[in-house]
Structure formats: structure tokens, C-alpha cells
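Here the structure is a predicted model, which is why all the values come from computation and not from measurement. Index from 1, following the sequence.
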Amino acid sequence: MKTLVLARHAQSRLSVLDRLNGDPSVEVGLTEVGREEARDLGKKAGAVDLVAHTAFGRTRETAELAWPGTPLLVVPELNEIGFGRFEGTHWDEGYRDWVLTSGADEPSPGGGESRLDAIRRYLVGYRLLLQRPEERVALVAHGAQVRYVLLGLDELPPMRLLERVPPATPFVIPVDRFARAVDVIGAWVAQPAF
């Protein structure tokens, strides 16, 4: 790979309601606005040789609409974090408070995932993409996976609370900068602290 086009999925039926969804078996499609955002994403970003996406329907739908006919690659290592008992709730209905008061290695209550485990998993996905032979690869993922890379580009580690990522907005990143961002995230994983 020489270039990564990184984007959060387009507006989904749950994101417009600010509802958490970390279960890929829950089918959540795009809204009509989201479908238009996805088409615009492909126009803004230009052609790619491969589109990676997570196992969630909203990322696949965004990928297919943005780059119709382009080969797709599912990268489940970049799936959304498992929210546990907060699945389907609004961000402010407990999950935000839990994030502010829990350690990075503490699993979300009710069978969820720790942020540290999720970020370790994301690193595997990022590294898989770095090994791809295609020159120009797009990744359609979720907000946290995009934001962690953007922070890494600024030499910043993952943060407890993340600034939101706009839907279907392309970030075009040369491979050397993406690799450096992955290194920054990996260094944090070795000594995690928020």
C-alpha cells in the first residue's frame, strides 16, 4: 500500500439517534442522507484499488456505494468495540460515565470489551492493511478507529473521550504517516494510560 483513504461510515439509522451499536449481528443500515453521503465520499476521495470495511452492515453499505464494483475486504479486527450492557443505549445513558471512571483494561459491564482490548484488536487490523499489495486502499470503519489514527498522526496516543469524526469524510494518508500513527498507538498499548 502507498496510500490509505480513511473514513467513518456514512450516517446510519442508529448514529442519527446517537445510539451505541457494537454488535455486528444487529443490522443497521444507512439513512437516505447516509446513502448520499456515501456516494459523495467516493467522488471526493477518487478511485481506490481495494475497500476494507468492518463486519458491520453500515460500513459495507458505505463502501459499496462509495466505490461500486471495487473489490471489498472484511477486516473484523476493526469492528466497533463491544459495549456490553450499554448496547443500544444513548451515549449519555451510562456509557460516557463508565468511560470516565473506568480503567483502559476494564471490560464494559455486561460482557463488553475493554478499551485496551479493542485497541489491541484495532492494531492487528491496521497492520493487516499496511501489508496489502494494492497501491490505494480505502478503509471504512467507525469513529474510534478513525480518530485513533488521526491522533497518532499528531503523535498523540488514544484518549479516554474522543472527539467525534464526521461521517463519510475522507482522510487521505500516505503509508509512511499511517505506519507512524500505528507505531504511536502500539507504544500506548505497551504502556496504556489515559
Could you go through the side chain to side chain donor-acceptor pair (under 3.5 Å) check for E80 and N21 one step at a time?
-> CA-CA 8 Å; E80 183 65 277; N21 171 234; over 6 Å; no
side-chain contact (heavy atoms from CB on, under 4.5 Å) between T3 and F178, intermediate numbers included | CA-CA 8 Å; T3 305; F178 177 49; over 6 Å; no
Hey, is [X] close enough to [Y] for a salt bridge, meaning N to O under 4.0 Å?
{"X": "E113", "Y": "R121", "value": "yes"}
{"X": "R35", "Y": "E32", "value": "yes"}
{"X": "E77", "Y": "R127", "value": "no"}

side-chain contact (heavy atoms from CB on, under 4.5 Å) between Q11 and L30, intermediate numbers included = CA-CA 6 Å; Q11 183 188 82; L30 301 180; over 6 Å; no
Sorted by chain and residue number, the salt bridge (charged side-chain N to carboxylate O under 4.0 Å, His left out) partners of R39 (sequence neighbours excluded) come out as E36
Do the side chain of [X] and the main chain of [Y] share a donor and acceptor less than 3.5 angstrom apart?
{"X": "R120", "Y": "V189", "result": "no"}
{"X": "D105", "Y": "L116", "result": "no"}
{"X": "D154", "Y": "L156", "result": "no"}
{"X": "W67", "Y": "G46", "result": "yes"}

Could you tell me whether the side chain of [Y] reaches within less than 4.5 Å of the side chain of [X], counting heavy atoms only?
{"X": "I81", "Y": "L20", "answer": "no"}
{"X": "V51", "Y": "L73", "answer": "no"}
{"X": "V137", "Y": "D49", "answer": "no"}

Closest heavy-atom pair and its distance - H142, N79 = CD2-C, 4.1 Å
Heavy atoms only: give me the nearest A55-P24 pair and the separation to one decimal.
-> O-CB, 3.7 Å
Value rounded to 0.5 Å, distance of [atom1] in [X] from [atom2] in [Y]:
{"X": "S12", "Y": "L17", "atom1": "OG", "atom2": "CG", "value": "8.0 Å"}
{"X": "H9", "Y": "L41", "atom1": "NE2", "atom2": "CG", "value": "12.0 Å"}
{"X": "E134", "Y": "T70", "atom1": "CD", "atom2": "OG1", "value": "11.0 Å"}

side-chain contact (heavy atoms from CB on, under 4.5 Å) filter on L150, not counting sequence neighbours, yields V146, R147, L153, F171
Can you tell me which residue pairs pass the salt bridge (Lys or Arg N to Asp or Glu O under 4.0 Å) test with a partner in residues 5-22, sequence neighbours excluded?
-> D18-R164, R19-E93
Does E135 CD have over 12 foreign heavy atoms under 6.0 Å away?
-> no
Within 45° of the axis and under 6.0 Å from the centre of the six-membered ring of W98, does NZ or CZ of R115 qualify?
-> yes
